[in-house]
Enquirer: 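Submitted below is the structure of interest, expressed as structure tokens.
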Amino acid sequence: MTGHPAPAPFGLSQDLRDDGTTVVSVSGELGIVSAPVLREALDVLAGERRTVVVDLREVSFMDSSGLNLLIRVKQRAHGDGGSIRVAPDIPAQVARLFELTATTDYLLSE
């Protein structure tokens, strides 16, 4: 039977570095179904005024839901005295989404 491959399962992990930065690694598809899971994790970290880096290297797909989430959480963290940014090593599909929406510099900056 031919068809579309099954979507990559969504995954999320956190790693606290020695410098106090929390790296949140995301894998699989970041869309309307999985975005709330990531939002919850980032909201907790933003509320703790942490420095957070979101690693999207293993994201196979991201839509406007994921993009909107990253923008909103970054705005909230900044307003609360925290810092959230996306790690610069992003997949081509995610880079293209950031380019089309002119959000690359904003999301990758401190």
Side-chain angles (χ1 to χ4, degrees):
M1 183 174 175
T2 62
H4 299 286
F10 178 75
L12 185 66
S13 65
Q14 295 182 28
D15 180 41
L16 180 60
R17 293 186 177 164
D18 291 339
D19 67 359
T21 299
T22 300
V23 178
V24 177
S25 298
V26 183
S27 61
E29 295 191 356
L30 180 54
I32 195 162
V33 173
S34 56
V37 177
L38 179 58
R39 181 184 66 236
E40 184 177 326
L42 294 177
D43 279 348
V44 168
L45 294 169
E48 296 172 354
R49 295 185 177 148
R50 297 213 181 189
T51 299
V52 178
V53 176
V54 181
D55 180 350
L56 300 175
R57 285 181 293 176
E58 298 298 321
V59 169
S60 58
F61 171 81
M62 187 167 119
D63 67 9
S64 61
S65 302
L67 177 65
N68 185 40
L69 159 74
L70 293 172
I71 291 169
R72 288 179 183 264
V73 171
K74 183 172 176 85
Q75 290 170 338
R76 178 176 171 233
H78 183 72
D80 291 344
S83 171
I84 292 180
R85 69 176 172 84
V86 174
D89 189 15
I90 54 177
Q93 186 267 354
V94 174
R96 182 71 176 140
L97 178 61
F98 288 4
E99 289 169 16
L100 289 171
T101 56
T103 57
T104 304
D105 290 340
Y106 177 69
L107 290 172
L108 273 61
S109 68
E110 290 285 332

Enquirer: Is the closest side-chain heavy-atom distance between Phe98 and Leu67 below 4.5 Å?
Expert: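 They are in contact (side-chain heavy atoms under 4.5 Å apart), so the answer is yes.
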Enquirer: Quick one: do Val26 and Val33 end up in the same hydrophobic cluster if we chain Ile, Leu, Val, Met, Phe, Trp and Tyr together by side-chain heavy atoms under 4.5 Å apart?
Expert: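 Result: no, two separate clusters.
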Enquirer: Has the side chain of Gln93 got a donor or acceptor atom that lies under 3.5 Å from a matching backbone atom of Met62?
Expert: yes
Enquirer: Would you say Leu107 ends up clustered with Val53 if hydrophobic residues are merged whenever their side chains have heavy atoms under 4.5 Å apart, either directly or through other cluster members?
Expert: no
Enquirer: Are any non-hydrogen side-chain atoms of Leu42 and Arg76 less than 4.5 angstrom apart?
Expert: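 With C-beta onward as the side chain, the pair stays apart.
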Enquirer: Answer with yes or no whether the hydrophobic clustering places Phe10 together with Val73; edges join I, L, V, M, F, W, Y residues whose side-chain heavy atoms lie under 4.5 Å apart.
Expert: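 Result: yes, single cluster for both.
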Enquirer: Could you walk me through whether Ser83 and Glu110 pass side-chain hydrogen bond (donor to acceptor under 3.5 Å, both in side chains), step by step?
Expert: CA-CA 6 Å; Ser83 171; Glu110 290 285 332; 3.1 Å; yes
Enquirer: Can you tell me how far CD1 of Ile32 sits from OG of Ser64, rounded to the nearest 0.5 angstrom?
Expert: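 Going from OG on Ser64 over to CD1 on Ile32, the span is 8.0 Å.
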Enquirer: Are Ser109 and Lys74 side-chain neighbours, meaning at least one heavy-atom pair lies under 4.5 Å?
Expert: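 Heavy-atom side-chain distance check passes, below 4.5 Å.
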Enquirer: Report, as yes or no, whether the 6.0 Å neighbourhood of atom CD on Glu58 holds more than 12 heavy atoms from other residues, nucleotides or ligands.
Expert: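 For Glu58, atom CD is not crowded (no more than 12 foreign heavy atoms under 6.0 Å).
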Enquirer: Other residues, nucleotides and ligands only: do more than 12 of their heavy atoms fall within 6.0 Å of CG on Asp19?
Expert: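 Enclosed: over 12 neighbouring heavy atoms sit under 6.0 Å from CG of Asp19.
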Enquirer: Heavy-atom distance under 4.5 Å between the side chains of Leu38 and Val24, does that happen here?
Expert: yes
Enquirer: Nearest 0.5 Å, what's the CG-OG distance between Leu69 and Ser34?
Expert: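 Rounded to the nearest 0.5 Å, the CG-OG separation comes out at 9.0 Å.
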Enquirer: To the nearest 0.5 Å, how far apart are CD1 in Ile84 and CG in Asp43?
Expert: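 CG of Asp43 is found 8.0 Å from CD1 of Ile84.
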Enquirer: Hey, what do you get for CZ (Arg96) to OG1 (Thr104), rounding to the nearest 0.5 Å?
Expert: 10.5 Å
Enquirer: Does any non-hydrogen side-chain atom of Leu56 lie less than 4.5 Å from one of Leu70?
Expert: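 The answer is yes, as the side chains (C-beta and beyond) meet within the 4.5 Å cut-off.
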Enquirer: Side-chain heavy atoms under 4.5 angstrom apart, residues restricted to Ile, Leu, Val, Met, Phe, Trp, Tyr: same cluster for Ile90 and Ile71?
Expert: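 As far as the 4.5 Å side-chain criterion goes, Ile71 and Ile90 are connected within one cluster.
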Enquirer: Shortest non-hydrogen contact from Gly31 to Ser65?
Expert: C-CB, 3.8 Å
Enquirer: Would the distance check show the side chain of Asp55 and the main-chain N or O of Arg57 forming a donor-acceptor pair, the cut-off being under 3.5 Å?
Expert: yes
Enquirer: Hydrophobic clusters here meaning ILVMFWY residues chained together by side-chain heavy-atom distances under 4.5 Å, can you tell me if Phe61 and Leu12 are in one?
Expert: no
Enquirer: Less than 4.5 Å apart, any side-chain heavy atom of Glu48 and any of Thr22?
Expert: no
